[in-house]
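Working notes, beginning with the structure itself.
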Number of protein chains: 2
Amino acid sequence: MSYPYRVTRNDEEPVGLDALDRVTWALRRTELAVQTLKEQRLRPLGMAAAHYTLLISVHAEPGLTGAELARRLNVTPQAIASLVARLESRGQLERREHPRHRHIQELHLTDAGREALRAADAVIVGIERRITDGLGSETARLRALLDQVAEAVREG
Amino acid sequence: MSYPYRVTRNDEEPVGLDALDRVTWALRRTELAVQTLKEQRLRPLGMAAAHYTLLISVHAEPGLTGAELARRLNVTPQAIASLVARLESRGQLERREHPRHRHIQELHLTDAGREALRAADAVIVGIERRITDGLGSETARLRALLDQVAEAVREG
DNA sequence: TCAGGAGTATCAAGTGTTTGACAGCTGCCC
DNA sequence: GGGCAGCTGTCAAACACTTGATACTCCTGA
């Protein structure tokens, strides 16, 4: 009644075999494939996808704090601290003191960081373009549907 | 030329600020939200999403080997071994000797495993239904678009 | 004025996964 | 037959992230 399932000898087949066709599986597979390709293409630049994500976030909102960044990226502050430490040691990221709050530290890109981000973003844009070229005018539709799914799930 | 970017003093703004609007970001956000909800709803059953994924894979293709499973789920064989060990210790999964190959071990669900999978799948189906209800007739469209993206990315 | 709440950063321990290396079994080809 | 590629499973170390706990800073309100 609830969903189609294969009929065996008796009615015992509680779990459908169509599980691999579900929307959430397609979602997972696709996201995994995209992420894998990004990682693959970014590796020659010596940058992990997580590094790129952090850099472009700071680029979009300079002065972001670690905790705020953690919320944006859905990870814990410690994970951010680890990434920041690495990027800082490479001279791509800078921790400045907050003007009003001594304990808080703002994050800013250095020139080297901007340069690295630029190179990485070219790679990402290339991937993005390949996808949108394939989709054509359906791109906006896909994004709308994805947002709708995210919305439906979030109010849980 | 390639994509719109904000103009500053000079033409120096190599990285677009529209990065958060890209399709791959929407994809990532949505997948993350779905996965988080699954994890949340599965926790009361004492099962992680990874366990569910493994169980239903074995259910769909009984006798699967660990290595083959690793390829299916895009993780390393060690990760599978870790999950299998846990599920086996719970009596939900069984390792049998391959009929022709002594060193290889086939994976099969036990009755307890089928029962646990059934309970977990009810939860997952509930989530799936909430999504498809929200999408209505657009569900098939979304799946087609996702598959198209996966295809476009995979031939890289 | 100063005690407490809110927010941030960081240390320590535990968990899960990957990377690298290695041994066992089978089947093929010389 | 014997060597050798190919695949599987597993051990050890490294790595990334989370959970739990603690300290620091600012702000607010009694």
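Every chain is numbered from 1, with letters handed out A, B, ... down the list of sequences. For the numbers below, each heavy atom of this structure counts, side chains included, while hydrogens, waters and symmetry mates do not.
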Nearest 0.5 angstrom please: B:Glu94 CD to B:Asp111 CG, how far?
9.0 Å

CG of A:Asp121 to NE2 of A:His59, rounded to nearest 0.5 Å, is 8.0 Å

Going by salt bridge (Lys or Arg N to Asp or Glu O under 4.0 Å), name the residues that satisfy it together with B:Asp133, two or more places apart in sequence or in a different chain.
none

Reading nucleotides 3-15 of chain C from 5' to 3' and marking B where a protein heavy atom lies under 4.0 Å of the base, S where only the sugar-phosphate is that close, and - otherwise, the string is ----BBSBB----

Check for a donor-acceptor pair, side chain of A:Arg154 on one end and backbone N or O of B:Ala33 on the other, with a separation under 3.5 Å.
no

Looking at A:Arg102 and A:Glu97, does any basic side-chain N land under 4.0 Å from a carboxylate oxygen?
no

Quick check against the 3.5 Å criterion: does A:Thr139 have a side-chain atom that pairs as donor or acceptor with the backbone of A:Leu135?
no

Identify the 5'-most and 3'-most nucleotides of DNA chain D with at least one atom closer than 4.0 Å to a non-hydrogen atom of chain A.
D:dA16 to D:dC27

Assigning hydrophobic clusters by single linkage (Ile, Leu, Val, Met, Phe, Trp, Tyr; side-chain heavy-atom cutoff under 4.5 Å), is B:Leu32 placed with A:Ile124?
no

